[in-house]
Colleague: 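Following this message is one structure expressed as structure tokens.
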Amino acid sequence: MEKLELNTTITDEHAGLRLDQVLSRILPQHSRSRIQSWIKSGMVTVNENAPRQRDTVQAGDVINLDVRFEAMDENQAEAIPLNIVYEDDDIILVNKPAGLVVHPGAGNPAHTLVNALLHHDSKLNRLPRAGIVHRLDKDTTGIMLIARTPEAHTFLVDKLQSRDIKREYQALVCGVITAGGQIETGIGRHPAKRTRMAVSESGKHALTHYRLLEKFEHYTLLRVILETGRTHQIRVHMSHIKHAVVGDPLYGRNKSMLKGICEPVRDAVANFKRQALHAWQLQLPHPRTGQMLKYQAPVPDDMQALITLLSEHDRE
């Protein structure tokens with residue numbers, strides 16, 4: 001169990017401010033939302049009384065903070081191999097394979113990335129979701145970011161929200177796209193199919209940029225840059241502009257098989273049983289040093305084989 005303790009007396013500098021504002025200034029490595037959760041949970045006292053986050057403090061008030069980072073006993077460590085791209089004392093970058101669920105949940109209580117991470121580093125049990133900062137869908141491959149300390153987790157979540165962490169994908173989509181562009185819509189839960197997302201005026205703002213990497217006779221390989229991180233964002237947005245991701249079982253069903261394609265390509269596309277989407281590159285400031293890091297994960301073999309086949313048949 002990790003703990004964070006603080007005993008401090010308010011000075012004139014902070015007098016008259018809200019409690020959560022003062023603690024954010026004293027503990028800048030932790031987010032305001034995390035500090036507010038500590039206050040709500042009774043981990044903070046002012047003059048030995050339980051405060052509210054909006055309460056103001058005065059000079060001479062004594063603040064006590066006693067936080068415990070509990071282990072996540074419900075998630076068990078499992079010896080699942082990890083393809084580690086980079087790691088140090090603060091972060092881990094892994095290249096997630098297709099078929100690996102990120103978080104335990106209904107229908108997937110175990111055998112997830114969380115279980116694998118807990119086996120790799122048991123100290124991750126003190127962090128939410130074993131330190132995972134952002135998620136990928138089960139059958140989307142590529143690079144993922146994990147924090148190893150509470151301070152790194154807070155820093156990276158804040159940087160993700162402020163768009164200082166850059167995520168780039170490669171996506172093989174249906175149809176020929178002749179120029180790059182951007183898609184900006186709201187995305188929310190599908191009104192009838194609750195396992196799906198949909199473009200919605202009332203949904204959360206979502207912005208996706210795409211650039212051409214390679215054009216084929218019937219398909220296009222794109223570089224996709226996320227400005228926001230909504231659930232299924234790339235898959236929903238590409239389907240919205242009628243260029244669904246190849247193999248996408250939710251948003252591209254019956255769209256991958258385009259008319260006029262030759263039999264080898266048809267067979268290869270038919271046998272590609274997941275979305276052809278790969279988290280290719282991640283750029284982030286290091287939580288301890290602030291240095292900008294950039295790492296890449298190579299396109300997986302199954303997706304690369306399909307791209308190579310498309311390229312070869314275009315040359316025939």
Colleague: Scan Leu93, Asn95, Ile146, Val94 and name whichever one has a side chain to side chain contact (heavy atoms under 4.5 Å, CB included) with Ile84.
Modeller: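 Among Leu93, Asn95, Ile146, Val94, the one meeting side chain to side chain contact (heavy atoms under 4.5 Å, CB included) with Ile84 is Val94.
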Colleague: Taking the side chain as every heavy atom from C-beta outward, state whether Leu284 and Val133 have any atom pair closer than 4.5 Å.
Modeller: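 Side chain of Leu284 against side chain of Val133, heavy atoms only: no contact under 4.5 Å found.
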Colleague: Say whether, by atom type as modelled, one donor and one acceptor occur between the side chain of Ser200 and the main chain of Ser202 under 3.5 angstrom.
Modeller: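 Indeed, once roles are kept as given, a pair shorter than 3.5 Å links the two residues.
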Colleague: Going by the side-chain hydrogen bond (donor to acceptor under 3.5 Å, both in side chains) test, which pairs reach into residues 290-300, not counting sequence neighbours?
Modeller: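 As it turns out, the side-chain hydrogen bond (donor to acceptor under 3.5 Å, both in side chains) pairs with a partner in residues 290-300, which skip direct neighbours, are Gln281-Gln296.
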Colleague: May I have the step-by-step check of side chain to side chain contact (heavy atoms under 4.5 Å, CB included) for Asn115 and Thr112, ending in yes or no?
Modeller: CA-CA 5 Å; Asn115 304 109; Thr112 70; 2.7 Å; yes
Colleague: Please check if the side chain of Asp66 supplies one atom and the backbone of Met43 the other of a donor-acceptor pair under 3.5 Å.
Modeller: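 Side chain of Asp66 to backbone of Met43, a donor-acceptor pair under 3.5 Å: no, none is there.
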Colleague: Could you list all the ring pair (Phe, Tyr, Trp, His ring centres under 6.0 Å) pairs where at least one residue sits in residues 170-210, not counting sequence neighbours?
Modeller: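 The answer is none; no pair qualifies.
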Colleague: Under 4.5 Å between any side-chain heavy atoms of Ser239 and Leu250, yes or no?
Modeller: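 No, every pair of side-chain atoms sits at 4.5 Å or beyond.
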Colleague: Applying the side chain to side chain donor-acceptor pair (under 3.5 Å) criterion to Arg288, which one of Asp90, Asp89, Asp88 satisfies it?
Modeller: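 For Arg288, the side chain to side chain donor-acceptor pair (under 3.5 Å) check succeeds only for Asp90.
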Colleague: Test Tyr251 against every option in His232, His237, His240 by the ring pair (Phe, Tyr, Trp, His ring centres under 6.0 Å) rule and name the one that passes.
Modeller: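 Going through His232, His237, His240 one by one, the ring pair (Phe, Tyr, Trp, His ring centres under 6.0 Å) with Tyr251 is satisfied by His232 alone.
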Colleague: Walk me through whether Lys166 and Asp164 qualify under salt bridge (charged side-chain N to carboxylate O under 4.0 Å, His left out).
Modeller: CA-CA 6 Å; Lys166 306 299 182 184; Asp164 293 318; 5.7 Å; no
Colleague: Keeping the roles fixed (side chain from Thr220, backbone from Ile177), state whether a donor-acceptor pair exists under 3.5 Å.
Modeller: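 Between the backbone of Ile177 and the side chain of Thr220 there is a qualifying donor-acceptor contact (under 3.5 Å).
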Colleague: Check whether Arg163 reaches the backbone of Glu227 with its side chain - one donor and one acceptor, N or O, closer than 3.5 Å.
Modeller: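 Yes: the side chain of Arg163 pairs with the backbone of Glu227.
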Colleague: Are Ile187 and Thr231 close enough that some pair of their side-chain heavy atoms sits under 4.5 Å apart?
Modeller: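 With C-beta onward as the side chain, the pair stays apart.
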